[in-house]
Amino acid sequence: MNLEPIIKENVAAAIKSLYDQAVEPSQVQVQLTRSEFTGDHTVMVFPFLKMSKKSPEVTGGEIGEYLIANMKVISSYNVVKGFLNLVIDNGYWIDRLNEAIPNEQYGFVAPTDQSELVMIEYSSPNTNKPLHLGHIRNNLLGFSLAEVMKANGYKVVKTNIVNDRGVHICKSMVAWQRFGNGETPETNGKKGDHLVGEYYVKFDQQYKSEIAELLEKGRSEEQAKEEAPSIVATREMLLKWEANDPEVRNLWKMMNSWVYAGFDETYKTLGVDFDKIYYESDTYTIGRDEVLRGVKEGIFQQESDSSVWANLEKEGLDKKILLRSDGTSVYITQDIGTAQLRYRDYPIDHMIYVVGNEQIYHFQVLSLLLDKLGYKWGKDLYHFSYGMVELPNGRMKSREGTVVDADDLVAGMVDVAKAVSMELGKLDGYSEAEKENIYHIVALGALKYFILKVDPKKTMTFNPEESIDFNGNTGPFIQYTYARIRSILRKADETGVSVPQFAQVGTLNEKERSLLKIISLFPDVVKEAGTAHSPAVVANYVYDLVKEFNSFYHDHSILNEPDNAIRDFRLVVAQTVAKIIKNGFSLLGIRVPERM
RNA sequence: GGCCCGGUAGCUCAAUGGAUAGAGCAACAGCCUUCUAAGCUGUAGGUUCUUGGUUCGAUCCCAAGCCGGGUCACCA
């Protein structure tokens, strides 16, 4: 489909024929012509000046003549400085459009039996507090990445590793036992994850006041932190948990079940899901066994206090602890166990971890450790790291209460969507259920697009005061364009005009040409998003397409076009633009409304 | 301090080593009797952090520096 390789070959042949010099086609630089110049593809002639020993203009002209003579799809050329602009025949773009028309999955590659399996881990929450803005970026990126990989023909398994054990959850449990009075999500109607989060906060407050008390009694800060009754109780509880104490285990199960119910609700609202969920309480012992095997095989070292270490100094890193002196697991040990279990469960070809960039070092270490333990996939694990979401005055800090809660944020967005819709009177005449559905689609479209259009690796800023805009380069703007096109198609249908199967038109005006060019790019964009691992590629492309369409829509009528052939052609183009918006947004996990 | 990542318009963000660095928001000026104004068309806004280097050509690659962030736990 893509003309670039063919152009490159022909340019190489032209150089051979004209100047008797061998040039690899891959050395020829071709790009899309910038919109302010005439043409579709542009060949850089600068690199060939040494061979032609002629001016850029003359060289470009000679190559242009050769291409015209040898490539039917090129209808004309022009040379500006050292840029050889090639004009591709209208028929070529019409052909591309006709390929797109019948294919509902335009731009997507279907998986085959030979397709590789990629497992994507994302979300990975702790069970002691609700999800916040940072998790939202993680969840949206993870889900979108999975969709992009699917669209590139991979088999994808979405997985979530729940950090359900350890000190943090014991803290919530201790506080609930002490202050809870048997309160549950059922008795007070609170969302389970929020309820547990409240006790985590209560623990921290209590712990701090105990420390302050002990400091007044003359203890050192270190002593106070060790001796505070709350932390002592927490440690005891963790030991009991490890020892399978029935009472502690039941409390743990009960409180975790509240949290999971809450998370499920948030996941559902965000529209993300998982094929397989792992729990660290199931995997951490496997990690411990693996580490002990490593000790036996001389890969890791056990110290006299029986703690186990990996020496990664040869690899340019530090020594890393794998098991504490009391034999318990640390974070990375659990990841080793989880990895082991996953590869036992699935024939994984590629493993992607969607985890914040503050853990880059962690995954470097994990990769080396898995490699040392003899897993061939250790070296190849891919850490899809993304930047933090910051507030205008810096990081979110739970201590300062500046954490933006995921549920609150979404609810706020829905309220804004509702208010804006009502003000504009867009949905008058529709049922309440329909309206609510659209508010939800628009609100999440705004939020998701806002986050996904930014290069994942960059730290991004979110201003809760200003909320998220619905105008300009936003999800709702793109959704709006989709809704408008759907409206046109409905009206065409009502007046008895059916959208034709195939596009035919005599000539193309400038805007039509531009649109067709952008339409034909979509499959390449999906591919690029897959290799660059960036949903932002898709988001920015869809925005460009919509801008171009709106500009066209402003200049040219569709339904009121007197010439039926032109009207039909434009209907087909509009329909195809709508399809790409829909397909592109589905890669971002964003829904599109039929009307808004 | 070692390692990693950023720095582009007042703000939020784009820009496979190419042509005059682009959008949106905010500001200003226009466009609703027409297929949806959540829109469209203009104006204004830039030493792409700095200095060197490579190149026909650098926001992009290399080196050094400046600023900001992350990370180097018997935390997760």
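To find a chain, count down the sequence lines: A is the first, B the second, and so on, and within it residues start at 1.
- The aromatic ring of Phe37(A) sits over the base of rA19(B), with ring centres less than 5.5 Å apart and planes tilted by under 30°.
- Within 4.0 Å of Asn85(A), counting heavy atoms only, lies at least one base atom of the nucleic acid.
- Summarising the base pairing, rG18(B) is matched to rC56(B) through a Watson-Crick or G-U wobble pair whose two defining distances lie under 3.5 Å.
- Using a 4.0 Å heavy-atom criterion, one finds that Tyr553(A) contacts the bases of the nucleic acid, with or without backbone contacts as well.
- Checking the phosphate oxygens (OP1, OP2) of rG24(B), no side-chain nitrogen or oxygen of Thr474(A) falls inside 4.0 Å.
- Between the side chains of His41(A) and Asn85(A), not a single donor N or O lies within less than 3.5 Å of an accepting N or O.
- Listed candidates were rA76(B), rG24(B), rG39(B). Nearest to the side chain of Asn550(A) is rG39(B).
- Of the residues in residues 317-325 of chain A, those lying under 4.0 Å from RNA chain B by heavy-atom distance are Asp318(A), Ile321(A), Arg324(A), Ser325(A).
- Straight-line distance between the P atoms of rC49(B) and rG68(B): roughly 16 Å, to the nearest whole Å.
- Among the nucleotides rA14(B), rA76(B), rG24(B), the one closest to any side-chain atom of Asp455(A) is rA14(B).
- If you take atom C1' in rG45(B) and the same atom in rA29(B), they sit 16 Å apart, rounded to whole Å.
- Listed candidates were rA76(B), rG18(B), rC35(B). Nearest to the side chain of Ile558(A) is rC35(B).
- At the heavy-atom level, Val30(A) lies under 4.0 Å from base atoms of the strands shown.
- Per the geometry, OH belonging to Tyr361(A) stands 14 Å off C1' belonging to rG70(B), to the nearest Å.
- Heavy atoms of His556(A) sit under 4.0 angstrom from at least one base atom.
- If you check rU12(B), rU36(B), rU71(B) against the side chain of Ile488(A), the one that comes closest is rU36(B).
- Across all strands shown, rA27(B) forms a Watson-Crick or G-U wobble pair, both distances under 3.5 Å, with rU43(B).
- In this structure, a donor-acceptor pair under 3.5 Å is present between the side chains of Asn138(A) and Tyr386(A).
- On a pure distance criterion of 3.5 Å, a polar donor-acceptor pair joins the side chain of Asp305(A) and the base of rC74(B).
- At the phosphate of rC35(B), neither OP1 nor OP2 sits under 4.0 Å from any side-chain N or O atom of Arg567(A).
- Here Arg395(A) lies in heavy-atom contact (under 4.0 Å) with sugar-phosphate atoms only.
- Rounding to whole angstrom units, CG of residue Asp555(A) and P of rU41(B) are separated by 8 Å.
- Distance check on atom C1': rU59(B) versus rG7(B) gives 11 Å, rounded to whole Å.
- In this structure, Ser487(A) reaches the rU36(B) phosphate: one of its side-chain N or O atoms is under 4.0 Å from OP1 or OP2.
- Here the nucleotide nearest the side chain of His554(A), chosen from rC40(B), rA76(B), rC56(B), is rC40(B).
- With Tyr430(A) as the aromatic partner, Arg595(A) does not meet the cation-pi criteria of under 6.0 angstrom to the ring centre and within 45 degrees of the ring axis.
- Relative orientation of the Trp241(A) and Trp252(A) rings is perpendicular, given thresholds of 30° and 60° on the angle between their planes.
- Using a 4.0 Å heavy-atom criterion, one finds that Ser385(A) contacts no nucleic acid atom at all.
- Of the side-chain N and O atoms in Lys81(A), one or more sit less than 4.0 angstrom from OP1 or OP2 of rU20(B).
- Looking at the side chain of Glu390(A), the nearest of the listed nucleotides rG69(B), rC35(B), rA76(B) is rG69(B).
- Going from atom CG of Asn471(A) over to atom P of rA23(B) covers 18 Å, rounded to whole Å.
- rU16(B) and rA21(B) have their P atoms separated by 16 Å, given to the nearest Å.
- Remark: the separation of the P atoms in rA63(B) and rC72(B) is 25 Å, to the nearest Å.
- Between the side chains of Asn560(A) and Arg567(A), no donor-acceptor pair is found at a separation under 3.5 Å.
- Taking 3.5 Å as the limit, the base of rU16(B) and the side chain of Gln31(A) contain a donor-acceptor pair of atoms between them.
- Taking the ring centre of Tyr279(A) as origin, the terminal cationic atom of Arg165(A) falls outside the region bounded by 6.0 Å and 45° from the ring axis.
- Between Asn126(A) atom CG and rA76(B) atom P there is a gap of 10 Å when expressed in whole angstrom units.
- Pairing of rU71(B), defined by two Watson-Crick or G-U wobble distances under 3.5 Å, is identified with rG2(B).
- Between the side chains of Asp164(A) and Asn256(A), not a single donor N or O lies within less than 3.5 Å of an accepting N or O.
- Across all strands, Val420(A) comes closer than 4.0 Å to base atoms (heavy-atom distances).
- For rC56(B), one of the phosphate oxygens OP1 or OP2 lies less than 4.0 angstrom from a side-chain nitrogen or oxygen of Lys50(A).
- Using a 4.0 Å heavy-atom criterion, one finds that Ser421(A) contacts the bases of the nucleic acid, with or without backbone contacts as well.
- Between rC35(B), rA19(B), rG24(B), one nucleotide has an atom nearer to the side chain of Lys547(A) than all others, and that is rG24(B).
- Comparing rU54(B) with rA44(B), their P atoms are spaced 38 Å from each other, to the whole Å.
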| message | Test side-chain contact (heavy atoms from CB on, under 4.5 Å) on Glu390(A) and Phe462(A); report intermediate values, then the result. | response | CA-CA 6 Å; Glu390(A) 290 188 347; Phe462(A) 172 79; over 6 Å; no
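- Minimum atom distance to the side chain of Arg484(A) is reached by rG39(B), of the listed rA76(B), rU71(B), rG39(B).
- Taking atom C1' on both rG22(B) and rU48(B), the two are 12 Å apart, rounded to the nearest angstrom.
- Comparing the same atom, C1', in rG17(B) and in rU36(B) gives a spacing of 43 Å after rounding to whole Å.
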List every contact pair, protein side and nucleotides 5-11 of chain B side both N or O, where the distance is under 3.5 Å.
unit_1: rG7(B); atom_1: OP1; unit_2: Lys458(A); atom_2: NZ; d: 3.0

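- Base engagement by Met596(A) is indicated by at least one non-hydrogen atom pair under 4.0 Å involving a base atom.
- Among rC13(B), rG39(B), rG18(B), the nucleotide with an atom closest to any side-chain atom of Phe83(A) is rG18(B).
- Residue-level contact check: Tyr480(A) touches the bases, meaning some heavy atom is under 4.0 Å from a base atom.
- Ala574(A) comes within 4.0 angstrom of nothing in the nucleic acid, heavy atoms only.
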